[in-house]
Amino acid sequence: DAAGRAIRHDSPENAYAAYAEAVNQARWCDAVSTFDLASKPRVVVGNFKGLAQLAATANPKQREYAAARKQFCQRHKLDCGDEAWLHRFAAAARSGDKDQSPLAAVSKLAEAAPDTTYVAIMDTLQSVEADKMARLDPAIFSVENRGETAIGYAKRAGTHPHQVSFAHTPQGWTIAMPK
């Protein structure tokens with residue numbers, strides 16, 4: 001359980017470096033442990049949405065992602081395993097519809113067991129294309145510490161910098177995913 005093995009990070013930079021190193025080495029328990037408790041379910045749902053989008057969008061591994069999504073949903077007894085669900089999800093995503101109801105079962109599982117669900121989703125994604133997993137630069141820059149929160153910028157290989165939020169908790173600094 002990642003909660004039991006959380007390591008105290010004394011700065012946003014250290015929290016992000018620990019996350020990036022864990023992701024780069026496919027140590028999913030360690031990666032999820034760097035997030036604050038409120039963010040974990042959102043991270044889980046965000047990664048599941050990525051899996052579903054890969055299953056619904058034309059790409060060389062679309063069939064494999066679709067099969068992996070179906071297996072994940074069946075394994076966790078979720079309503080997202082059939083093609084009708086995937087079509088509803090894809091149509092809502094294409095239209096920009098913010099309706100989250102197709103993700104209700106995944107959200108409920110993410111709330112109940114965020115750490116194990118994150119690990120399961122990341123293992124599922126990695127099972128299709130391990131070499132396509134994000135390569136994160138562990139260095140974060142332009143960190144603006146605001147006392148109990150901070151923001152900084154990080155890079156994935158081949159992308160523009162993206163903003164990362166942090167929260168200071170009694171256990172130290174954690175990554176925070178805004179609502």
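Shown here is H162, whose NE2 atom has more than 12 heavy atoms of other residues, nucleotides or ligands within 6.0 Å.
Sorted by first then second residue, the salt bridge (Lys or Arg N to Asp or Glu O under 4.0 Å) pairs that include residues 147-168, not counting sequence neighbours, number zero. Residue pairs that meet the side-chain hydrogen bond (donor to acceptor under 3.5 Å, both in side chains) test with at least one member in residues 54-67, sequence neighbours left out, are Y65-E129.
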Side-chain donor-acceptor pairs of residues 77-89 under 3.5 Å, sequence neighbours excluded:
from: D82; atom 1: OD1; to: W85; atom 2: N; distance (Å): 2.8
from: W85; atom 1: NE1; to: P102; atom 2: O; distance (Å): 2.8

Give the C-alpha distance, both sets of side-chain angles, the deciding distance and a yes or no for side chain to side chain contact (heavy atoms under 4.5 Å, CB included) between W28 and I121. CA-CA 10 Å; W28 308 127; I121 288 172; over 6 Å; no

Apply side chain to side chain contact (heavy atoms under 4.5 Å, CB included) to T124 and Q71, showing your working. CA-CA 9 Å; T124 300; Q71 288 173 348; over 6 Å; no

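In this structure, the side chains of L125 and L54 come closer than 4.5 Å at one or more pairs of heavy atoms. With contacts defined as side-chain heavy-atom distances shorter than 4.5 Å, the pair H168/T149 does not qualify. F72 is not listed as a side-chain neighbour of D123, based on a closest heavy-atom distance of 4.5 Å or more. In this structure, the side chains of V164 and I151 stay at 4.5 Å or more apart for every pair of heavy atoms. Looking at R69 and F48, their side chains come closer than 4.5 Å, going by heavy atoms from C-beta outward. Side-chain contact check for E111 versus P41: some heavy-atom pair is nearer than 4.5 Å. Side-chain contact check for S39 versus R42: some heavy-atom pair is nearer than 4.5 Å. The side-chain heavy atoms of E21 and L136, taken from C-beta on, include no pair separated by under 4.5 Å.
A search for side chain to side chain donor-acceptor pair (under 3.5 Å) contacts involving D10 returns N14, not counting sequence neighbours. Y19 pairs by the ring pair (Phe, Tyr, Trp, His ring centres under 6.0 Å) definition with Y16, F35, not counting sequence neighbours. A search for salt bridge (charged side-chain N to carboxylate O under 4.0 Å, His left out) contacts involving R146 returns E144, not counting sequence neighbours.
A donor-acceptor pair is defined here as one N or O able to donate and one able to accept, closer than 3.5 Å; such a pair exists between the side chain of R8 and the backbone of P170. Side-chain atoms of H9 never come within 3.5 Å of backbone atoms of A18 as a donor-acceptor pair (strictly under, hydrogens ignored). At distances below 3.5 Å, at least one donor-acceptor pair connects side-chain atoms of T174 with backbone N or O atoms of A167.
N24 contributes atom CG, which lies 9.0 Å from atom CG of D137 (distance to the nearest 0.5 angstrom). Once rounded to the nearest 0.5 Å, the distance linking CG of D131 with CD of Q126 reads 10.0 Å. One finds the OH atom of Y153 at 7.5 Å from the OG atom of S142 (value rounded to the nearest 0.5 Å).
Contact detail for P178 and S165: the closest heavy-atom pair is CG-OG, 3.8 Å. Across all non-hydrogen atoms, the minimal contact from K40 to V32 is CE-O, 3.2 Å.
Checked options D36, T34, V143, I140; the residue passing with F166 is I140 (criterion: side chain to side chain contact (heavy atoms under 4.5 Å, CB included)).
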